[in-house]
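Below is one structure; the comments refer to it alone.
Counting convention: from 1, in listed order, for ligands and their atoms alike. Residue numbers start at 1 and run along the sequence shown.
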Amino acid sequence: MEGAIISRSPNTRVAVVTGGNKGIGLEVCRQLADNGVSVVLMARDEARGMAAVEKLKALGLSDIVFHQLEVTDASSIDRLAAFLESRFRKLDILVNNAATGGNERLDDVIIPGVEKFDGMDVHQRLEWMKNNTRETHEAAKQGVQTNYYGTKHVTEALLPLLLSSSDGRIVNVSSSFGLLITPAKELPCIYVELRRQLDDINSLTEKRLDKLLDAFLGGFDDSSEPETCGRGRTAGFSAYKVAKAAVNAYTRMLARRHPALRVNCVHPGYVRTDFSMNSGLLSPEEGARGVVKLALLPNGGPTGAYFAEGQLQVSFV
Ligand SMILES: NC(=O)c1ccc[n+]([C@@H]2O[C@H](COP(=O)([O-])OP(=O)(O)OC[C@H]3O[C@@H](n4cnc5c(N)ncnc54)[C@H](OP(=O)(O)O)[C@@H]3O)[C@@H](O)[C@H]2O)c1
C-alpha cells in the first residue's frame with residue numbers, strides 16, 4: 001500500500017532505500033527524511049514496511065511513503081519503477097541497502113542481547129558469528145542473488161529515472177569484506193582468482209563478472225568448507241564477501257559508464273543489527289551516517305569510490 005500524495009516543491013529530492021524496514025536501512029530513511037528528502041521506504045514484506053513508515057511518522061517525519069520491493073523479483077522491480085515514474089517522474093537518490101548474509105544460522109541460535117559481546121574484540125565477535133552460522137550452497141546462491149544481482153537489477157530498472165535528475169546518486173551499501181583483503185591462504189582457491197580478475201579494472205565486464213560468480217557458486221559444496229589455497233580454515237562468509245566484491249566492481253563499472261551520476265559504495269561499519277546478530281560495535285544510527293553523507297554529497301562530488309564510515313578509502317575511476 002502506498003501513502004497519500006503530499007504536496008512538495010519540485011526541488012525536493014526523492015530517495016528510495018531498499019531494505020528500509022529495519023537496521024541500517026530504516027535509519028537511512030529516517031536521516032534522509034530529517035534532511036528534507038522525500039523518501040520511498042521499501043521492504044519486501046508489506047506489513048513490516050508499513051510498520052516502519054508508521055514508526056518514522058510517529059517521529060514527526062511526514063514525507064515518507066512505503067512501496068513493496070523484493071529485489072530478486074523482476075515484476076516487483078517493474079512495479080516500483082512504474083510507481084516512481086507516475087508519482088515523481090525522476091529519482092535523485094537510490095540507496096541499494098538490502099542484503100542477506102549468504103549463510104544460514106545454526107538451528108538453535110537465538111539472537112543474543114548486545115551485552116553478550118561485552119569485552120570481546122572484533123575478531124572474537126566475528127568468530128562467534130562464524131561459529132553460529134554455516135555456509136550452504138542455497139544460502140550462498142541467495143546471497144549472490146540478493147546482494148549483487150538485486151543491486152544490479154534494481155539499479156538498471158531505475159537508471160532512466162536517475163538520469164532524469166539534475167544530480168542523480170547511487171549509493172551501494174557494501175562491506176569491508178568485499179575488499180577481499182583476507183590473506184590468500186585463508187581464501188577458497190576460486191576466490192583468489194576472482195580477486196585477481198576483479199582487480200583488473202580495464203578488462204572486467206558484467207558478462208565476465210557473471211561467469212566468475214557462476215564459477216564461485218558451482219564450486220560451493222555443502223559437505224565441506226571450501227578448499228583453501230593454504231592450510232587451515234577459511235576466514236568464513238565466502239559468498240557474502242564475493243557478492244560484495246561484485247557490488248564494488250559493479251559500482252566502478254557503472255560510474256565509468258554514467259559520468260553524469262555519482263555512483264559510490266560504502267562500508268557502514270560493524271553495526272548492531274539482526275544481520276550481525278547484535279554483535280556489531282556501532283548503533284544503526286552511527287552506521288547510517290556514512291551512507292547518508294554519501295547520498296547528500298555536494299554536487300560534483302566523487303564517483304566510482306569506496307568509502308568506509310563516511311571516509312573516502314579507494315577511488316576506482
Ligand atoms: N550490520 C553490519 O555490521 C554490516 C556491516 C557491513 C555491511 N553491512 C551492510 O549494510 C546493509 C544493511 O544491513 P543491516 O545490518 O541493516 O541488515 P538487516 O538489519 O538484516 O536488514 C537487511 C534488510 O534487507 C532486507 N532484505 C533482505 N533480503 C531482501 C530481498 N531479497 N528483497 C528486499 N529486501 C531484502 C531485509 O528485509 P526483511 O526484514 O524482510 O528480512 C532488511 O530490511 C547490508 O547491505 C549489509 O550487507 C552491514
Side-chain angles (χ1 to χ4, degrees), residues 16-31 40-53 55 66-77 79-80 94-103 105 111 114 117 122 125-126 128-129 133 139 141-154 157 170-179 237 239-248 250-251 265-292 294-295 306-310 313:
V16 302
V17 182
T18 69
N21 57 292
K22 67 178 182 181
I24 297 166
L26 176 60
E27 255 304 309
V28 169
C29 291
R30 187 189 70 74
Q31 292 179 26
V40 183
L41 180 156
M42 292 178 299
R44 55 182 163 179
D45 179 88
E46 178 162 339
R48 289 198 285 271
M50 291 296 288
V53 167
K55 221 188 246 179
F66 165 70
H67 199 279
Q68 193 273 345
L69 179 68
E70 162 59 65
V71 301
T72 61
D73 177 355
S75 57
S76 174
I77 296 176
R79 283 195 297 276
L80 170 71
L94 165 63
V95 181
N96 284 307
N97 166 78
T100 67
N103 53 19
R105 281 182 198 161
I111 297 185
V114 292
F117 303 97
V122 170
R125 289 168 189 235
L126 289 172
W128 181 89
M129 275 184 71
T133 50
K141 206 165 85 185
Q142 195 198 10
V144 169
Q145 282 303 331
T146 306
N147 303 1
Y148 172 62
Y149 288 105
T151 293
K152 175 177 148 143
H153 294 149
V154 170
I170 300 173
V171 182
N172 292 327
V173 183
S174 185
S175 166
S176 57
F177 278 5
L179 294 177
F237 315 109
Y240 181 71
K241 288 175 177 172
V242 166
K244 291 295 189 181
V247 166
N248 293 348
Y250 179 62
T251 302
C265 48
V266 57
H267 168 59
Y270 187 14
V271 182
R272 290 184 291 275
T273 60
D274 286 351
F275 184 87
S276 66
M277 297 196 261
N278 270 338
S279 68
L281 299 167
L282 305 177
S283 66
E285 183 184 356
E286 291 167 320
R289 261 183 227 148
V291 180
V292 171
L294 267 188
Y306 167 87
F307 289 73
E309 295 177 51
Q313 305 290 312

**Message:** Under a 3.5 Å distance rule, please check whether Thr146 uses its side chain to pair with a backbone N or O of Ala99 as donor and acceptor.
**Reply:** no
**Prompt:** Can you tell which of His67, Arg44, Gln68 makes a side chain to side chain donor-acceptor pair (under 3.5 Å) with Ser76?
**Reply:** Gln68
**Asked** Donor-acceptor pair, Arg125 side chain versus Gly280 backbone, under 3.5 Å?
**Response** yes
**Prompt:** Given Phe177 and His267, is the side chain to side chain contact (heavy atoms under 4.5 Å, CB included) satisfied, shown in steps?
**Reply:** CA-CA 9 Å; Phe177 278 5; His267 168 59; over 6 Å; no
**Message:** Evaluate Ala98 for polar contact with ligand 1, using N/O atom pairs at a separation under 3.5 Å.
**Reply:** no
**Asked** Which residue from Glu70, Gln68, Lys244 reaches closest to atom 31 (N) of ligand 1 through any of its heavy atoms?
**Response** Glu70
**Message:** In this structure, does ligand 1 have an atom that sits under 4.0 Å from one of the heavy atoms of Ser174?
**Reply:** yes
**Side chain, backbone, both or neither: the part of Met42 lying under 4.0 Å from ligand 1 by heavy atom** = neither
**Request:** Pick one of side chain, backbone, both or neither for how Arg272 approaches ligand 1, counting any non-hydrogen atom pair under 4.0 Å.
**Result:** neither
**Request:** Check whether any side-chain N or O of Asn103 sits under 3.5 Å from a backbone N or O of Ala139 as a donor-acceptor pair, and report yes or no.
**Result:** no
**Request:** Please state whether Gly269 comes within less than 4.0 angstrom of ligand 1, counting heavy atoms only.
**Result:** yes
**Message:** If you define the side chain from C-beta out and look only at heavy atoms, does anything of Ile24 sit under 4.5 Å from Phe275?
**Reply:** no
**Item:** Which segment of Pro268 sits under 4.0 Å of ligand 1 when only heavy atoms are counted
**Value:** side chain
**Lys/Arg N to Asp/Glu carboxylate O, Glu286 vs Arg289, below 4.0 Å** = no
**Message:** Within the structure, is a non-hydrogen atom of Asp45 found at a distance of less than 4.0 Å from ligand 1?
**Reply:** no
**Those atoms of ligand 1 less than 4.0 Å from some heavy atom in Gly23** = 16 (O), 19 (O)
**Prompt:** Of all the non-hydrogen atoms in the protein, which one sits nearest to atom 17 (O) of ligand 1, and at what distance?
**Reply:** Phe275 CB, 3.1 Å
**Request:** Decide side chain to side chain contact (heavy atoms under 4.5 Å, CB included) for Met277 and Met129; before the verdict, give the C-alpha distance in whole Å, the side-chain angles of both, and the deciding distance to 0.1 Å.
**Result:** CA-CA 8 Å; Met277 297 196 261; Met129 275 184 71; 4.3 Å; yes
**Prompt:** Can Gly280 be said to touch ligand 1, with heavy atoms closer than 4.0 Å?
**Reply:** no
**Request:** Please work out whether any backbone atom (N, CA, C, O) or any side-chain heavy atom from C-beta onward of Thr18 is under 4.0 Å from ligand 1, and answer side chain, backbone, both or neither.
**Result:** neither
**Prompt:** Between Val71 and ligand 1, does any nitrogen or oxygen pair lie at a separation below 3.5 Å?
**Reply:** yes
**Asked** Which residue and non-hydrogen atom of the protein lie closest to atom 41 (O) of ligand 1, and at what distance in Å?
**Response** Arg44 NH2, 2.7 Å
**Asked** Where is the nearest protein heavy atom to atom 13 (O) of ligand 1: which residue, which atom, and how far?
**Response** Ile24 CD1, 4.0 Å
**Complete:** The closest protein heavy-atom partner of atom 33 (C) of ligand 1 is Leu69 O, 3.3 Å
**Asked** Is Thr100 touching ligand 1 with its side chain, its backbone, both, or neither, if touching means heavy atoms under 4.0 Å apart?
**Response** side chain
**Message:** Between ligand 1 and Asn21, is the shortest N or O to N or O distance under 3.5 Å?
**Reply:** yes
**Fill in**
A student comparing Phe177, Tyr270, Tyr240, Tyr149 should find that the heavy atom closest to atom 47 (O) of ligand 1 comes from Tyr240
**Message:** Just to confirm my output: which protein heavy-atom neighbour is closest to atom 22 (C) of ligand 1, and how far is it?
**Reply:** Ala99 O, 3.9 Å
**Request:** Would you give the length of the straight line joining atom CE of Met50 to atom CG of Asn21, rounded to the nearest 0.5 angstrom?
**Result:** 12.5 Å
**Prompt:** Backbone N or O of Val271 within a donor-acceptor pair of the Ser276 side chain at under 3.5 Å?
**Reply:** yes
**Asked** Quick one: nearest non-hydrogen protein atom to atom 25 (C) of ligand 1, plus distance?
**Response** Gly19 CA, 3.8 Å
**Message:** Under a 3.5 Å threshold, yes or no: a donor from one side chain and an acceptor from the other, between Thr251 and Asn172?
**Reply:** yes
**Item:** Side chain, backbone, both or neither: the part of Val271 lying under 4.0 Å from ligand 1 by heavy atom
**Value:** both
**Item:** Nearest-0.5 Å distance, OG of residue Ser175 to OH of residue Tyr240
**Value:** 4.0 Å
**Item:** Gly20, any N or O under 3.5 Å of ligand 1 N or O
**Value:** no
**Request:** For the pair Tyr149 and Val144, evaluate side chain to side chain contact (heavy atoms under 4.5 Å, CB included) and give the outcome as yes or no after the intermediate values.
**Result:** CA-CA 7 Å; Tyr149 288 105; Val144 169; 3.8 Å; yes
**Item:** Identified side chain to side chain contact (heavy atoms under 4.5 Å, CB included) partner of Asn96 from the options Val173, Val17, Ile170, Val16
**Value:** Ile170
**Message:** Is there a polar contact, in the sense of an N or O pair closer than 3.5 Å, between Thr273 and ligand 1?
**Reply:** yes
**Prompt:** Nearest to atom 11 (C) of ligand 1, what protein heavy atom do you find, and at what distance?
**Reply:** Asn97 OD1, 3.2 Å
**Asked** What are the atoms of ligand 1, with element, lying closer than 4.0 Å to any heavy atom of His267?
**Response** 6 (C)
